[in-house]
Novice: 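Handing you this structure, nothing more for now.
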2 protein chains.
Amino acid sequence: MGSTIMAGDGMAGTTAVIGLGSMGHGMAQSLLRAGFAVAGYDPAPGVAESLAAEGGRAAASPADAARDAAVVVAVVVNADQTEAVLFGPDGCADAMAPDAVFVSCATMAPDRARSLAARLEASGRHYLDAPMSGGAARAAEGSLTMLASGSAAAFARAEPALAAMTGTLYRLGDTAGQGAAFKMVNQLLAGVHIAAACEAMAFAKREGLDLGRVFDVITRSAGNSWMFENRVPHILEGDYAPKSAVEIFVKDLGIVVDMARASRFPVPVAGAALQMFLMTAAAGMGRDDDASVARLYGRIAGLDLPGQD
Amino acid sequence: MGSTIMAGDGMAGTTAVIGLGSMGHGMAQSLLRAGFAVAGYDPAPGVAESLAAEGGRAAASPADAARDAAVVVAVVVNADQTEAVLFGPDGCADAMAPDAVFVSCATMAPDRARSLAARLEASGRHYLDAPMSGGAARAAEGSLTMLASGSAAAFARAEPALAAMTGTLYRLGDTAGQGAAFKMVNQLLAGVHIAAACEAMAFAKREGLDLGRVFDVITRSAGNSWMFENRVPHILEGDYAPKSAVEIFVKDLGIVVDMARASRFPVPVAGAALQMFLMTAAAGMGRDDDASVARLYGRIAGLDLPGQD
């Protein structure tokens, strides 16, 4: 375990959190609660300052955030943003202590994770590939699931900060890319299940069924899924304010089909689901909640779903 | 409640069970345990006799089974078999008591359920549309889920027998066809989830992941589904002995796409899943377990899955 990191006794080390959206902000709060000094950075004006009001330090750039940190956690959307955080203008890679660890939480293709890790590790620093599962509520509670892979040294250095942020930490391999691959398998399933839930609910409406009753029956039957339980209430309430946007699965199923094509592997079910997210984005709902796929079916077929436009 | 039916006091009425496969036989056992006299029929030689050894009566035809019965339960595969049981040679419709109820458990299109009900009800007899959820173990325990619809009279007459067979009885409407429609929404989801589980596990193998670990991670993550939990162990064990055969979802997703096409409603995700079941059947695995869709991906891509041929 890194000598500069001591969690749980009020003298924990400094952790940088780069990207203070709903996930990153919650993770920073969990770290503060566990006694870590937290330096936060977000490109949006005023966001880092609100973390400062909660006891953190508002940093002016990724490099500034990383300066004193033993652990740098990047909570951004994709591989390109992660690369910019590390190696872009005012990036954190060169500012990190020589033995610090970078914890990458974005969902990305395993190849991208491997290449970012190799570039950072060439300088002696450590890289943990650590995509997450769980939403903003679990981020704020410190009970996220992380699907992590990396060297023993990367795990050892990151461990106290990870303990503050996660409820379940999977150790999925000793090199970057493995965590990413597990996450993409999860995203294949999650994306298909959302699209299927939306297709099934719209189909049920077309058949004249009471949708609340359908939810009740399906959640107690073999057709249930985690996503059906989680997303169908948005359809029943006609509430398409984004908890997770359509564009997330345009991206994530896009990565799945790219990976599969690169390795000459067919994924026709994921491919069909991706087309539904793309259609929903094409119809102008890309930034709305991903249950909007049901609203698209509703528009196409003239259904009177709750909140239908 | 029908005057001829008294359950739970050792003087329960006679129930006929037509179709004594793994589901029907278990349901007949549950009825015997609850004190019903049971007359059983199955076209396969010797099957009804094995029910007789357990205390039932071996009937020689659907008509013979139905002769003394207040409730006739048909546990066959599809609408055509149900129609033959009712109206075919030695069918039970004319043999049923004038106020008896026919309980139809096969999964079928709502239109077929409506038309069978109308034909039987024209003679004054009652029809309950009652597709089921739950496998052979729950049939034998008397803890099936039934998605039922029909007239108040049909429910009242069937109720004591249903209580012996089910753990959960949904009352989904007052006409035949509604139970069937709910069941088809469930089958859309169940079929897509099986195909997605198989696609995801084969994709994970292609990516070099440890499949046991994938099962462990996914069942605790947002990508989980009832079918993933239930079917992926077959893939991990390479055990494709049929618990539920590929042909079942060729049929059930076939009904879904037929219903959807008839009402001019697109179901592209269910359509993609159906094609995978068809491909698996085309490759000679139609009678094998439906997790064989993973084995098809494995064959196509030359993967070394457990039990791969």
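Reminder, nothing fancy here: chain letters follow the sequence lines and each chain counts from 1.
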Novice: Working to the nearest 0.5 angstrom, can you tell me the gap between B:F182 CZ and A:L209 CG?
Specialist: 4.5 Å
Novice: Once you measure the plane-to-plane angle for B:F265 and A:Y297, does it fall in the parallel (<30°), tilted (30-60°) or perpendicular (>60°) bin?
Specialist: parallel
Novice: How close do B:E199 and A:V269 get, heavy atom to heavy atom, and via which atoms?
Specialist: OE1-N, 2.9 Å
Novice: Can you tell which of A:V192, A:N224, A:T145 has the highest number of heavy-atom pairs within less than 4.5 Å of chain B?
Specialist: A:N224
Novice: Quick one: which of A:T168, A:L172, A:V185 gives a side chain to side chain contact (heavy atoms under 4.5 Å, CB included) with B:V217?
Specialist: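 Answer after filtering A:T168, A:L172, A:V185: A:L172.
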Novice: Who wins among A:D216, A:I300, A:N230 for the most heavy-atom pairs under 4.5 Å with chain B?
Specialist: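 The candidate making the most pairs under 4.5 Å is A:D216.
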Novice: Short question: side chain of A:R206, backbone of B:R264 - any donor-acceptor pair under 3.5 Å?
Specialist: yes
Novice: Just give me the residue among A:A222, A:G134, A:S225, A:A181 that pairs up with chain B most often, heavy atom to heavy atom, under 4.5 Å.
Specialist: A:A222
Novice: Give a yes or no on whether B:D304 atom CG has more than 12 heavy-atom contacts from other residues, nucleotides or ligands under 6.0 Å away.
Specialist: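 Open.
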Novice: Specify which of A:P268, A:A190, A:S133 makes the most heavy-atom pairs with chain B at under 4.5 Å.
Specialist: A:P268
Novice: At a heavy-atom distance under 4.5 Å, which candidate from A:G177, A:G191, A:A202 has the highest pair count against chain B?
Specialist: A:A202
Novice: Taking all atoms of both residues into account, what is the closest heavy-atom pair of B:L189 and A:A196, and its distance?
Specialist: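 The answer is CD2-O, 3.6 Å.
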Novice: Counting only N and O atoms by type, is there a donor-acceptor contact under 3.5 Å from the side chain of B:N186 to the main-chain atoms of A:I218?
Specialist: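 No, because the side chain of B:N186 does not come within donor-acceptor range (under 3.5 Å) of the backbone of A:I218.
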Novice: Which answer fits B:M227, side chain, backbone, both or neither, if we ask what part of it has an atom under 4.5 Å from a heavy atom of chain A?
Specialist: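 For B:M227, heavy atoms of backbone and side chain both lie under 4.5 Å from chain A.
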Novice: Quick check for you: to the nearest 0.5 Å, what is the distance between B:L147 atom CG and A:S221 atom OG?
Specialist: 5.5 Å
Novice: With chain B, which of A:R213, A:Q178, A:E207 has the greatest number of heavy-atom pairs at distances under 4.5 Å?
Specialist: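 Going by pairs under 4.5 Å, I would pick A:R213.
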